[in-house]
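Atoms considered below: every heavy atom in the structure, side chains included; atoms not considered: hydrogens, waters and symmetry mates. Within every chain, numbering begins at 1; the chains are lettered A, B, ... in the order of the sequence lines, protein sequences first and strands thereafter.
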2 protein chains.
Amino acid sequence: MIHDPWEPPEVPLAVDLVILTLRGTSLQVLLIERAIEPYQGAFALPGGFLAHVEEDLGTAARRELAEEAGIEAGSLYLEQLGVYGEPGRDPRGRVVSVAYLAVAPRLPEPVAGSDAADASWQPTNRVLSGELVLAFDHRRIITDGVERARVKLENSALATAFCGPAFTIGDLQEVYEAVWGRPLDPRNFYRKVQKASGFIVPVGREQRTTVGRPARLFRAGLSSVLSPPITRPVAPAADAADTHPEEEG
Amino acid sequence: MIHDPWEPPEVPLAVDLVILTLRGTSLQVLLIERAIEPYQGAFALPGGFLAHVEEDLGTAARRELAEEAGIEAGSLYLEQLGVYGEPGRDPRGRVVSVAYLAVAPRLPEPVAGSDAADASWQPTNRVLSGELVLAFDHRRIITDGVERARVKLENSALATAFCGPAFTIGDLQEVYEAVWGRPLDPRNFYRKVQKASGFIVPVGREQRTTVGRPARLFRAGLSSVLSPPITRPVAPAADAADTHPEEEG
DNA sequence: TTAATAGTGTCTGTGAGACAATATGCT
DNA sequence: AGCATATTGTCTCACAGACACTATTAA
């Protein structure tokens, strides 16, 4: 409707990172404690503005991942989660944020970065249940990220990204149980992962030190999509986030 | 790492719209023919920049939908599809675009809007097969949108949005066949949609004029998620987009 | 009656979940 | 031997797909 010379409005663009890892049998998310206003002292996702106007979004995500958590994203699963851009989500003014999901095997304790007073791993359960209060709309972003990871586990070989280069089927099962938040039958799980062609391949029939019978070691296969999928039981979030229903954004 | 006063870079933000509808038995997408550079004369998705810096993204999408296609989005299914923001996707410079997916019942012919020489419905098959060449990365956006719609048909009551207020199960089957691009068995389809509780509810046992036995009329039920889902046959894109593999962005 | 479409019932293979049974290490 | 864990096998039920069959209208 406007044919006059008109400059399109420009908005500050940020990336937020949902970094999930497994610590023990708990699915945890990397959070920082904000050192500056707004939301000073509150937990928040790592992230930040683009470094310059031509920076690629994925590049920015990997840069923030390295800066704020000391994680090199080379071998990391990284996926766009969505755009969070309602006016008012940031009290400083209009900020549009692109959320990325990253998943990593057991990681060391993070070190606090530039604008963070602290950085730490926190169980996703404490976030999903509302026990931890987060800045901005970051609770919703984490909720979306965890649900995305749960679905990804069904259809993709994502679970192997949580494991080391060699793992047992029991290790893999622990990953599924931690992310899905429910126990699985070892026998049926065994059958399923074996049937998904290209999911895992046995590595030179080595064993592992245990109390019982040693387990075979596997490594990630070439397939990134699982067929048939590893279906998860019904009632998607029955024990991990069953405290109260979610409000919609 | 920068503690000096520093202004975050700002980028022009746009929305692009994948508007899908059913015309006959063909799934079609709304395209415009660009009147201005870049890509003058090429097909492209409707869309545009934010009107002002505080405009909500969803609001902008609905505004563009009304401006460029004359569609009031009040009763319309509208969903965020993703962010497309690689530097270089727009020859004018850095532009980040948020893509939205909209789905509507049979719509009238569109009228060309401001910066469009023409606006028309085009079969998605012609886009997916590469027969139609699109501006920017819009072919990829449409590919993502169609795939999203196909998945949505499995898990949600989206299909009823393609129909009128009252429809037969045969009508509903035509929707599924058009979006999925493959024929379905009427008997099995009948059983599935009836089993999905809350998907469709019979409306006052009315009938319809046909050549054969009249069909019962239904309306959309209250459930928005289907349980059990209406699963689609294997080989997701076997006939519609089987020409050549996709390049990844 | 015949044609045409709507709707129902039956059969069969596959796969998920429950769980018994066997294998292989350690102490 | 006895225990603990890994791995395999079996059973049953539910469901998807194929398809014969019945029901209801118009001509």
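Here D:dT5 presents its P atom at 15 Å from CG of A:D185, a figure rounded to the nearest Å. Here the P atom of nucleotide D:dT24 and the CD1 atom of B:I169 are 16 Å apart, to the nearest Å.
No side-chain heavy atom of B:P46 sits less than 4.5 Å from a side-chain heavy atom of B:E64. Looking only at side-chain heavy atoms (C-beta outward), B:I32 and B:D118 stay at 4.5 Å or farther from each other.
Taking the six-membered ring where tryptophan is involved, the planes of A:H138 and A:F136 are tilted, since the angle between them lies from 30° to 60°.
For the pair A:R139 (side chain) and A:V127 (backbone), a donor-acceptor distance under 3.5 Å is present. Side chain of A:S156 to main chain of A:L158: a donor-acceptor pair is present (N/O by atom type, distance under 3.5 Å, no hydrogens or angles).
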Pairs under 3.5 Å (N/O, protein and nucleotides 25-27 of chain C):
none

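For DNA chain C, the neighbouring residues in residues 186-196 of chain A, judged by any heavy atom under 4.0 Å, are A:R187, A:N188, A:R191, A:K192.
Comment: B:R148 does not engage B:D144 in a salt bridge, judged by the lack of any side-chain N to carboxylate O separation of less than 4.0 angstrom.
Considering only residues two or more places apart in sequence or on other chains, B:R126 meets the salt bridge (charged side-chain N to carboxylate O under 4.0 Å, His left out) condition with B:E131.
Taking the nucleotide of DNA chain D with the nearest heavy atom to each of B:P228 and A:R216, the more 5' of the two is matched to A:R216.
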